[in-house]
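All remarks here apply to the structure that follows.
Counting starts at 1 for both ligands and their atoms, following the listed order.
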Amino acid sequence: MQKIQFLTGISAEKQQKLQKNCFRGETQNTISGYAPLNDFQPEMAAIINQRVDQGESSMGGAKPTLLHKIAGHVARINDVILLSKDEGVWTASDDRSVRLYLKRDNDQFWPSIHHFMPVAPTCLFYSEETYKLLVGLINGNVYEFNVADDFNSMTESRKWTCHAGPISGLGFALSSELIFSCSRDKSIVWHCSENSNKVGSYLLENSCTAMVIDLPFVFVGDHGGHVTVLRIIDNQPNLVSKLSAHTNSITSLTWDGNKKVLYSGSSDHLIIMWDIGGGKGEAYELNGHNGKVTTLCAAPAAKRLFSADEHGKLMCWDMDVRRVETPEWKTSDCCQKCNQPFFWNLQAMWQRKVVGLRQHHCRTCGSAVCGSCCDNWTTYPPMGYETKVRICNDCAGRMKENPGNFDLTPLAIPHEIRTGITAMHLQETLGLLVTSGQNRVVMIWDVRSVCSAPSGSGSH
Ligand SMILES: [Zn+2]
Ligand SMILES: [Zn+2]
C-alpha cells in the first residue's frame with residue numbers, strides 16, 4: 001500500500017502570510033506541508049536535459065487532430081464519456097438528455113440512445129465490464145441503468161436519493177462492490193452495488209466539486225480549493241490528509257495510478273501535481289492556462305496530462321520530465337534587492353523621505369522585490385511556467401550568463417479549440433480524446449501522435 005505523508009491543513013502562519021500577500025496585491029498558491037526551495041538552486045536546474053530547439057516542445061511538433069464533430073445539442077453538455085471498444089460517446093446535457101452516439105458506416109455519429117431524465121443530468125459513470133451506466137442528477141439523485149449489448153436501449157435498474165444538491169462526482173469500485181457519489185451538498189456517500197444499501201458517508205466543510213477513486217483511497221476536491229484524501233477501511237472513512245494550495249475552487253481531479261500521482265485543476269487557473277506515491281509530500285505547479293481550468297485527463301501509459309480551460313485552450317503536458325518545485329514567496333517590508341520600502345512600510349517611508357513601492361515576487365526564487373528589481377519576463381517550463389512570468393534581475397542574470405543551465409524548451413503543447421471546454425474524456429488505449437464545448441459541439445480528437453511522441457527526458 002502506498003504511504004501518504006502529506007501534512008494536514010495549512011498552518012496559521014502560512015494563512016496569515018497568504019492573507020498579507022493578498023492584501024498587498026499578489027496571492028500565491030502556497031503548497032502546505034512541503035519543503036520549499038529556500039533559494040534558487042542552479043545546480044538543480046543544471047541536471048535538466050538540454051535541448052537546442054526552443055520553439056518546439058519536448059514532444060516535438062505533435063498536435064491533436066480533429067476526427068469528428070457531433071452537433072445537435074441544444075443545451076450545455078455537462079459530461080462526456082468515450083467507449084473503449086466501440087466508437088461511441090455518452091453525453092449528459094442540461095436539456096435533461098442522456099445520449100449515446102455511435103459511429104455509423106457512413107463515418108457519422110448518430111444517437112443510438114436518447115433518454116430523458118426527470119431533471120438535468122450533471123455527471124456520468126459508465127462501467128464497460130458490466131454495461132452499467134450511473135447518471136447523477138442536479139437534484140441529488142443517482143440512477144443506475146443496464147445498457148443493452150447492442151447499445152440500442154438502456155433500462156433503469158435502480159435509483160438512489162443520495163444527496164440534497166447536484167451530483168458532482170460518481171465512481172464505481174467493481175472489486176469492492178461500492179458505488180460512490182459526491183455532491184454540492186458537501187457529502188460523499190457510498191452504497192453497496194449488490195444490495196443497494198448505503199454503507200458509509202463523509203461530510204466536507206465545502207461543496208464537493210470533483211472526485212476520483214483508487215480504493216482504498218478516495219480523493220475529493222471542494223469549492224474551497226482543498227482536496228480531501230480519505231482511506232476507506234471496512235466501509236469506514238479515515239481522513240488521511242487535506243491538500244491545500246489552490247486559491248479557488250477545484251474543478252477537476254485525475255489520477256495516474258501507475259505513478260500514484262494526483263492532478264488537481266482549479267478556477268485559480270492552475271494545475272497542481274501531487275506526488276502521492278513519492279511519500280515526500282512533493283507537489284508541482286503546472287502553469288499554462290489563462291482562465292479557469294475546467295477539466296483534466298491523465299494518460300498514465302504515455303506519461304501525459306491533458307488539461308482544458310474555459311477559454312478553449314487544450315494543453316498536453318509532458319509528464320516524463322524532471323520538474324522543479326516552485327519556491328515559497330518570501331515576506332519583507334522592503335525590496336530584498338534594493339532595500340526600498342514597500343508602500344505599507346510607513347515608518348521607513350517617513351524616515352527616508354521616499355515613496356513606498358509595490359511589492360512583486362520573483363517566480364523562480366520567491367524574493368519579495370520592487371517592480372524595477374523584477375522587470376524580466378520569461379517562461380520556465382521545468383517549474384511549470386509555460387507562459388511568461390516575472391523574475392528578478394539576479395535570476396535573469398543567472399539565466400543570461402549560463403543559458404545552458406536553464407532549459408526553456410516547452411514541456412507542454414498548447415492547442416486552441418476556440419470554445420470553452422465543459423467536459424473531456426480520454427480513452428488512452430485508442431488514443432482518442434473527446435471534448436464538449438460551450439458551443440454545445442462534441443469533438444473527437446486523435447491524440448496518438450501527442451501520446452507516442454518521444455518524451456523530453458526519456459532518461460529516467
Ligand atoms: Zn528593488
Ligand atoms: Zn529571483
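Sequence neighbours left out, the pairs with a member in residues 208-220 that pass salt bridge (Lys or Arg N to Asp or Glu O under 4.0 Å) are Asp214-Lys260. Applying the ring pair (Phe, Tyr, Trp, His ring centres under 6.0 Å) rule to pairs touching residues 288-315 yields nothing, sequence neighbours excluded.
Evaluation of the side-chain contact (heavy atoms from CB on, under 4.5 Å) rule for Ala75 yields Ser93, Asp94, Asp95 as partners, not counting sequence neighbours.
Across Ile81, Val434, Leu82, a single residue satisfies side chain to side chain contact (heavy atoms under 4.5 Å, CB included) together with Trp90, and that is Ile81.
Counting heavy-atom neighbours within 6.0 Å of His223 NE2, excluding the residue itself, gives a total of 12 or less.
The Zn ion (ligand 2) is the vertex of the angle joining SG of Cys365 and SG of Cys362, which measures 100° to the nearest 10°.
Only protein N, O or S atoms were considered, and those under 2.8 Å from the Zn ion (ligand 1) are Cys335 SG, Cys338 SG, Cys370 SG, Cys373 SG.
The pair Asp275-Lys280 fails the salt-bridge criterion, with no side-chain N (NZ, NE, NH1 or NH2) lying under 4.0 Å from an Asp/Glu carboxylate O.
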